[in-house]
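Data first, discussion second: the structure below is written as structure tokens.
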Amino acid sequence: MNRIRTIARTILPWLAPLFAGAAWGATLTVDTTAPGKAISADLIGIFFEDLNHAADGGLYAELVQNRSFEFQATENPRWNALSFWTLDNAGGRGRLSVDDGEPLHPNNPHYAVLEVVEAGPVRLSNPGFKGIPVQAGETYRLSLYLRRLYAAGRWDAEKTVAPLPLSVRLESAGGDVLGEATFQIDDDGWRRQRAEIVATGTDAGARLVLQATVRGGFALDEVSLFPEKTFLGRENGLRADLAQAIADLKPAFMRFPGGCLVHGHSINNLYRWKETIGPVEQRRQQRNLWGYHQSMGLGFFEYFQFAEDIGAKPLPVVPAGVCCQNAGYQGGTGQRGLPLDAMPDYVQEVLDLIEYANGPADSEWGARRAAAGHPEPFGLEYIGVGNEDRITPLFRKRFEMIHKAVKARHPEITVIGTVGPFSEGEDYEQGWAIANALSLGMVDEHYYQPPDWFWNNLSRYDGYDRRRSQVYLGEYAAHEEGRRHTLRAALAEAAYLTSLERNGDIVRMSSYAPLLARREGYTNWAPDLIYFTGTELFRSISYHVQQLFRAHRGDRYLPTALQKDAADQRLAASAVRDSASGDLILKLVNGDAARRVLQIRLPGLRGSRPAELVVLGGVEAETISDEAQPDRVLPQSSTRPLGERFEYEAPPHSLTIIRVAGAT
Ligand code: AHR
């Protein structure tokens, strides 16, 4: 007896910490030899919307704000065409005004007029989006349109006086010149001037300064500055670090340009794709319904090109001929439709988009694509029509017209309909009723819900009727109280993703929303996948969840049984096969504060096989990874051999991926 007590006293203190807080009883059994069920290859993609300054001031690498003098009070009551431009008499006396007499293009009606009334330095500066980030040694591409109005105080059609000199500089916040280009303005028609400036210093808060000293007046428009190092070095390109972070998700598809942005703040504010292609100075800019300005520099050509660059299928969404129900400050009742006699042209606009994407280079719209530098088709397979619209008769009529025309002309394209902003309710039901009536290829479901909702709805799609439309879960995210992007929220999304894998035959696509948010006072909506400032970016924990699920995707879902007791309600699991490698991939989500011991059974697995284990989490559920504490939760990888039966202890609040090489 004494011996037993002695042994117990010696051993128990060693064993106790191993089991403290742990619970066990769960068994995960996977039939590794079964053929499994097909999983959509497009299951995980991205949702890009220009909100939170995701495009202008974000992914679109333009560094000048209000480059074409088109900002207006309808976008922000404090704005006008000269917003973000400051005139400074630095020895001379100048005058700054805005004009629309002889615009560069009717779509770009306003331009600035700078006059030097008394000789001496007169400066016009632009701070970019809260500072222009400039780095020593880097090259910046400057472009601007100039037109001389008068010189030496008089009109000078014969050009008898010398041209007007203009210096364009990068200046630090403290006024140091970090690089300069000079021009002579002697043309009385618009002329594009370009230069490359190599920065001699670094400053995240620099500004662009145009300095004139000689008496005279000139017009200027489309004043643009890009870093030479955009993503893949493209002109009119994308911010390299942000684009790379998106590319690193390796998304199957990219949805653009929204979101509510698509159907806009009024019928005049619908996102019309044709107005976003061609030379940037000829694109019709407009108000962004999220309360700022869309330069349209990132337009449909750039979206298609970026999708292709990152290996993602393009998924454009077009308005269904109606504007947002919240348009015109009429919360829920502001939906308006294009007049029915305008619908045939609008339907044609949608058909033209398909031709723009897929038509031969000698077709009318394919030729526009080719002129932009892309003779090959973009391989469009999907088109979204409408976004979270109220499902009214007005909507239905216009949607049906578009759907009918696309199906008749392009049966190869999957039309994705909309079923409202919520996981249930009137729009959801009415949207599904239309989908059933039209045998729609796919519908776009949206829901933002608390983490618990995701855990409680893991079986949502198990019961979906496979004979009906397929599902694109186009917008979702777990919303905590206060919209914080916690580990708890990310794990609820991970658990839900296991259920999407299980239902990857009916749920064809999904995208977390939104993708990007600029800090520094620009965030309209939280949480988001990637946060950024002018110079930095921060990946949320949800970003890692998305990336891991995509990196460890499979094409077959294997029969999986997770036996758990009442204490294990926050456990979710999936098992997929990647047929190309034969790898078996298990995903285990423990949303609980206690460790969970799982008995894992893989009948059919022969011998011991090398396996990779990736663990995300294992810390407090409240943990946030952001600019205050970047990269607090990162995937940790290790390897070990695994056999047919083993025990695994899932850390508290964690996602574990177990990838067994060549197991199936
Ligand atoms: O993702 C943010 C917004 O949420 C989208 O614009 C809209 O579709 C949804 O309501």
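FYI, side chains are in, hydrogens and waters are out, and symmetry mates aren't considered; it's all heavy atoms of this structure. Counting begins at 1 with the first residue of the sequence. Both counts, for ligands and for their atoms, begin at 1 and track the order of listing.
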*H263, E475, E49: member with heavy atom nearest to atom 9 (C) of ligand 1*: E475
*So which heavy atom in the protein is nearest atom 1 (O) of ligand 1, and how far is it from that ligand atom?*
Y448 OH, 2.8 Å
_Regarding T533 and E627, do their side chains bring together a donor and an acceptor under 3.5 Å, going by distance alone?_
no
*Stacked cation flag R518 on Y522, 6.0 angstrom / 45 deg*: no
*Looking only at protein heavy atoms, identify the closest one to atom 10 (O) of ligand 1 and say how far it is in Å.*
E388 OE1, 2.9 Å
*Taking the six-membered ring for Trp and the full ring for Phe, Tyr or His, determine whether the centres of F256 and F306 are under 6.0 Å apart.*
no
*Which of the atoms of ligand 1 are close to G259, meaning less than 4.0 Å from one of its heavy atoms?*
5 (C), 6 (O), 8 (O)
*Side-chain contact, heavy-atom cut-off 4.5 Å: F300 with P257?*
yes
*Of all the atoms in ligand 1, which lie at a distance below 4.0 Å from a heavy atom belonging to N387?*
8 (O)
*Aromatic ring proximity F84/F71, centre distance under 6.0 Å*: yes
*Under 4.0 angstrom from ligand 1, any heavy atom of P514?*
yes
*Please state which part of F422 comes within less than 4.0 Å of ligand 1, counting heavy atoms only: side chain, backbone, both or neither.*
neither
*If we only count N/O pairs under 3.5 Å, is C260 in contact with ligand 1?*
yes
*Would you kindly say whether D56 and S295 are connected by a side-chain donor-acceptor distance under 3.5 Å?*
yes
